[in-house]
S.K.: 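I have a structure I would like to understand better, so I am pasting it below and will then ask my questions one at a time.
Note that this is a predicted model, so its numbers are computed, not measured. Side chains included, hydrogens not; waters and symmetry mates left out as well; all remaining heavy atoms used. A, B, ... follow the sequence lines: proteins, then strands. Residue 1 opens every chain.
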Amino acid sequence: MYALVDGNNFYVSCERVFRPSLNGRPVVVLSNNDGCAIARSNEAKALGITMGEPWFKIRHLEEQAGLVALSANFTLYGDMSDRMMSLAAGLGPTQEIYSIDESFISLHGVRGDLMERAWKIRARIHQWIGIPCGIGLAPTKTLAKLANHIAKTAERKAGSYPSELATVCNLASLSAAELAVILQATEVGTVWGIGRQIAQQLQAMGVHTVHDFVALPGDVVRGKWGVVLERTWRELRGEPCIELADNPPPKQQIACTRSFGQPVSDLPPLQEAISEFTTRAAEKLRRQKHRSGQVMVFARTSPFRDGPRFSKSVVVPLARPSADTTALTAAALKGLSSIYQPGYQLAKAGVMLLDLVPDSQVQCELLWDEEPTEQRDRTRLMEALDQVNGRFGKRTLLLGSSGMNQGADTWGMKQVRRTPRYTTDWTEVPVARA
DNA sequence: TCTGGGGTCCTAGGACCC
DNA sequence: TCTGGGGTCCTAGGACCC
């Protein structure tokens with residue numbers, strides 16, 4: 001048995017913990033650059049706002065419907081997530097943190113009433129962290145996701161769904177007939193692993209509901225879509241095929257990419273941005289205790305705007321794998337100058353670190369072009385840099401090429417509605433007044 | 001005027017090996 | 001006319017997830 005614990009409208013719920021006045025109101029959280037809606041309260045969903053809808057298309061609802069829009073505050077959400085995950089872990093022996101707001105928990109060997117246990121954990125998360133959750137219980141991960149989806153739907157559409165399915169839903173406790181009714185009422189596109197393309201193809205074949213889908217012959221599913229969808233199909237029929245990833249492998253690539261606050265044409269601000277992105281990516285790389293053998297850089301114009309198009313990328317191999325911010329930045333900037341062309345309104349750029357190898361598996365060399373002691377010194381320099389920035393804040397020590405003001409007047413991100421970092425910065429802790 | 005930022009896995013096809 | 005049977009590695013592209 002598996003459980004899926006999922007925070008409702010997670011980013012919005014995080015914001016509401018510190019601003020209870022937002023309860024009951026339509027609220028959206030915007031992506032970086034205040035571009036589009038990436039989280040919506042139930043009231044915002046009821047206004048017809050869709051996931052990923054551009055802000056400029058819905059901003060009229062601010063006046064018309066009292067919509068509140070907030071800039072993304074990922075520092076806050078990350079910290080709230082850690083707290084929620086540690087409580088959710090109490091449900092069973094092993095946990096897979098699947099995304100910032102979701103975790104799978106294996107219930108293998110757990111005794112007693114599972115529903116009772118899930119209700120208690122849910123109540124504790126609500127009381128201690130302030131985040132409302134849905135919990136789905138089922139024999140496979142795909143069914144647990146589905147159970148979770150049903151729990152949320154039942155909560156939102158109280159009345160049209162049996163109320164005992166709301167907030168905590170255990171598919172294993174239903175009779176075959178009850179399950180069939182629910183699967184007939186659930187669209188095939190809501191299944192984990194069935195996206196827009198496949199859902200469309202299924203609809204065209206007359207397969208509209210989950211019930212229709214599990215009734216398809218297995219070899220048709222495999223023949224037409226391959227082993228991935230066949231796994232999903234098996235899981236929906238109760239056969240576990242996807243294991244719990246409670247010990248996730250290290251990342252194979254690490255990226256830092258951003259859209260700019262305004263279009264950039266000149267090289268110097270672009271160099272600043274690429275230098276900053278490489279610094280961020282290198283920090284992640286060192287946290288994972290890996291080095292990178294290749295650096296990829298790209299820049300492009302907006303796909304949504306008219307005018308001359310530009311989109312280029314280049315991979316710069318390193319002489320040896322490195323986790324040194326200066327070496328990686330030098331490679332990234334070299335790559336940038338090789339693809340840069342003036343005269344374009346660039347909207348986005350980014351850096352990806354590829355060909356990652358663990359620190360412990362770095363190949364020794366026969367001939368060094370620099371002294372081994374120099375290498376050791378650079379490693380220690382990076383350690384010092386990470387420690388100082390960890391203690392005193394991200395940009396306390398930085399490369400000169402990153403610039404001093406994060407591109408405030410050129411490439412920097414637009415974020416005019418960000419809330420305080422309530423839980424991670426002493427100067428932003430909320431104050432209660434008597 | 002204004003459209004995010006991360007990731008993963010699988011398959012097909014080509015180059016190459018003996 | 002007629003042309004084997006294994007493999008590996010790499011890349012590009014397409015699907016998916018949140």
Side-chain angles (χ1 to χ4, degrees), chain A residues 4-11 28-40 49-60 62 69-74 77-78 81 96-104 141-142 145 148-149 188-202 222-232 235 241-243 245 248-263 273 277 280-281 284-285 288 294 296 298 300-307 313 315 345 347-356 413-417:
Chain A
L4 180 76
V5 183
D6 180 335
N8 297 353
N9 314 329
F10 186 66
Y11 299 160
V28 293
V29 171
L30 302 175
S31 63
N32 273 342
N33 235 9
D34 292 346
C36 47
I38 54 170
R40 307 156 292 154
I49 298 171
T50 58
M51 186 65 179
E53 191 153 19
W55 171 232
F56 70 87
K57 288 189 182 168
I58 51 173
R59 77 182 309 165
H60 62 276
E62 250 181 328
L70 302 168
S71 300
N73 185 347
F74 291 113
Y77 312 149
S81 171
E96 169 188 350
I97 295 177
Y98 176 67
S99 74
I100 193 163
D101 69 329
E102 282 172 78
S103 68
F104 288 103
K141 285 170 74 176
T142 305
K145 284 279 276 188
N148 181 276
H149 176 259
V188 72
T190 63
V191 170
W192 185 48
I194 299 184
R196 263 227 320 276
Q197 303 293 323
I198 293 174
Q200 226 171 48
Q201 293 160 15
L202 287 167
R222 182 177 185 139
K224 218 160 150 46
W225 291 281
V227 294
V228 181
L229 199 69
E230 189 197 9
R231 254 192 316 255
T232 299
E235 284 239 326
C241 301
I242 306 175
E243 283 184 12
K251 301 233 184 298
Q252 298 173 37
Q253 48 183 4
I254 289 174
C256 183
T257 69
R258 293 277 178 283
S259 295
F260 301 133
Q262 50 181 293
F277 300 163
R280 287 282 95 79
K284 296 186 207 170
L285 182 67
Q288 183 174 296
Q294 296 187 316
M296 195 270 265
F298 75 87
R300 64 164 172 77
T301 50
S302 168
F304 303 108
R305 297 187 59 170
D306 297 332
S313 70
V315 175
Q345 302 262 296
K348 182 173 182 171
V351 172
M352 292 178 81
L353 305 181
L354 313 169
D355 206 3
L356 306 189
M413 218 162 38
K414 225 167 25 187
Q415 263 209 318
V416 293
R417 306 149 182 276

S.K.: Atom CE of A:M352 to atom C1' of B:dG5: distance rounded to whole Å?
M.R.: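 After rounding, the gap between these two atoms is 11 Å.
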S.K.: Can you measure A:F298 atom CZ to B:dG4 atom C1' for me and round it to whole angstrom units?
M.R.: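 Interatomic distance, CZ of A:F298 to C1' of B:dG4: 11 Å.
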S.K.: Starting from Watson-Crick (N1-N3 plus N6-O4 or O6-N4) and G-U wobble pairs under 3.5 Å, report the runs of at least three that DNA chain B belongs to.
M.R.: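 Expected stems, ordered by start: B:5-18 with C:5-18.
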S.K.: Between A:M51 (CE) and B:dT3 (P), how many Å, whole number?
M.R.: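 Rounded to the whole Å, the gap is 17 Å.
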S.K.: Taking atom C1' in both C:dC17 and B:dG4, compute the distance separating them and give it to the nearest angstrom.
M.R.: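 About 15 Å, rounded to a whole number of Å.
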S.K.: Is a salt bridge present between A:E96 and A:K141, judged by a nitrogen-to-oxygen distance below 4.0 Å?
M.R.: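 Salt bridge: yes.
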S.K.: Distance-only, no hydrogens or angles: does the A:N33 side chain make a donor-acceptor pair with backbone N or O of A:F260 under 3.5 Å?
M.R.: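 Confirmed, A:N33 side chain pairs with A:F260 backbone.
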S.K.: Taking only N and O in the side chain of A:S31, is any of them less than 4.0 Å away from OP1 or OP2 of B:dG5?
M.R.: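 Checking B:dG5 against A:S31, no side-chain N or O comes under 4.0 Å of OP1 or OP2.
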S.K.: Looking only at side-chain N and O atoms, does A:Q252 come under 4.0 Å of OP1 or OP2 in B:dC9?
M.R.: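 It does, given that an N or O in the side chain of A:Q252 lies less than 4.0 Å from OP1 or OP2 of B:dC9.
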S.K.: Would you check if the side chain of A:K284 reaches a backbone N or O of A:A255 as a donor-acceptor pair within less than 3.5 Å?
M.R.: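 Between the backbone of A:A255 and the side chain of A:K284 there is a qualifying donor-acceptor contact (under 3.5 Å).
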S.K.: Give a yes/no answer on whether the side chain of A:Q253 brings an N or O atom under 4.0 Å of OP1 or OP2 in B:dG6.
M.R.: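 Answer no for this pair, as no side-chain N or O of A:Q253 is under 4.0 Å from OP1 or OP2.
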S.K.: Within this structure, what is the CH2-NZ distance for the pair A:W55 and A:K414, rounded to the nearest 0.5 Å?
M.R.: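 Between A:W55 CH2 and A:K414 NZ, I get 11.5 Å after rounding to 0.5 Å.
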S.K.: For A:L285 and B:dG6, what is the distance between atoms CG and P respectively, to the nearest whole Å?
M.R.: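 Rounded to the whole Å, the gap is 15 Å.
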S.K.: Please report the shortest heavy-atom distance between A:Q252 and A:L356, naming the atom on each side.
M.R.: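 That closest heavy-atom pairing would be O-CG, 3.6 Å.
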S.K.: Which letters describe nucleotides 11-18 of chain C, given B = protein heavy atom under 4.0 Å from base, S = only from sugar-phosphate, - = neither?
M.R.: ----SSSS
S.K.: Out of curiosity, A:L202 CG to A:W225 CH2, how far, rounded to the nearest 0.5 Å?
M.R.: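 Here the rounded value is 4.5 Å.
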S.K.: Over all strands shown, is A:I254 touching base, sugar-phosphate only, or nothing at heavy-atom distances under 4.0 angstrom?
M.R.: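 Sugar-phosphate, no base atom in range.
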S.K.: Once rounded to the nearest 0.5 Å, what's the spacing between atom CD of A:Q201 and atom CD1 of A:I194?
M.R.: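 So the CD of A:Q201 and the CD1 of A:I194 are separated by 11.0 Å.
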S.K.: Separation of A:E230 atom CD from B:dC10 atom C1', in whole Å?
M.R.: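 For the pair A:E230 CD and B:dC10 C1', the rounded distance is 14 Å.
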S.K.: Give the nucleotide from the list B:dC10, B:dC2, B:dG6 with an atom nearest to the side chain of A:V228.
M.R.: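 Nearest listed nucleotide: B:dC10.
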S.K.: Anything under 30° is parallel, anything over 60° is perpendicular, the rest tilted; go ahead and classify A:F74 against A:Y11.
M.R.: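 Judged by the thresholds at 30° and 60°, the geometry between A:F74 and A:Y11 is perpendicular.
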S.K.: Please confirm whether the shortest side-chain N or O distance from A:R258 to OP1 or OP2 of B:dG6 is below 4.0 Å.
M.R.: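 So the side-chain polar atoms of A:R258 do come within 4.0 Å of the phosphate oxygens OP1 or OP2 of B:dG6, strictly under.
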S.K.: Base, sugar-phosphate or nothing for A:N32? Non-hydrogen atoms, less than 4.0 Å.
M.R.: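 It contacts sugar-phosphate atoms only.
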S.K.: For B:dT8, does OP1 or OP2 lie under 4.0 Å from any side-chain N or O of A:K251?
M.R.: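 Checking A:K251 against B:dT8: no side-chain N or O falls below 4.0 Å of OP1 or OP2.
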S.K.: Less than 4.5 Å apart, side chain to side chain, heavy atoms only: is that true for A:N148 and A:E102?
M.R.: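 Not touching, per the 4.5 Å side-chain cut-off.
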S.K.: Atom OH of A:Y77 to atom C1' of B:dG5: distance rounded to whole Å?
M.R.: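 From A:Y77 OH to B:dG5 C1': 14 Å.
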S.K.: Base, sugar-phosphate, or nothing: which does A:E53 touch, judged by heavy atoms less than 4.0 Å apart?
M.R.: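 Counting heavy atoms under 4.0 Å across all strands, no contact is made by A:E53.
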S.K.: Once you round it to whole Å, what is the distance between P of B:dG5 and CD of A:Q415?
M.R.: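 Rounded to the whole Å, the gap is 11 Å.
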S.K.: B:dG5 C1' sits how many Å from A:F74 CZ, rounded?
M.R.: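 It works out to 7 Å between those atoms.
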S.K.: Using 30° and 60° as the class boundaries, would you call the ring planes of A:W192 and A:F104 parallel, tilted or perpendicular?
M.R.: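 Plane angle between 30° and 60°, so tilted.
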S.K.: Using heavy-atom distances to pick each residue's nearest nucleotide on DNA chain B, tell me which of A:M413 and A:V227 is more 5'.
M.R.: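 It is A:M413 whose nearest nucleotide is closer to the 5' end.
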S.K.: Assign each of A:R231 and A:K284 to its nearest nucleotide of DNA chain B by heavy atoms, then name whichever residue's nucleotide is nearer the 5' end.
M.R.: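 Going by which nucleotide is closer to the 5' end, it is A:K284.
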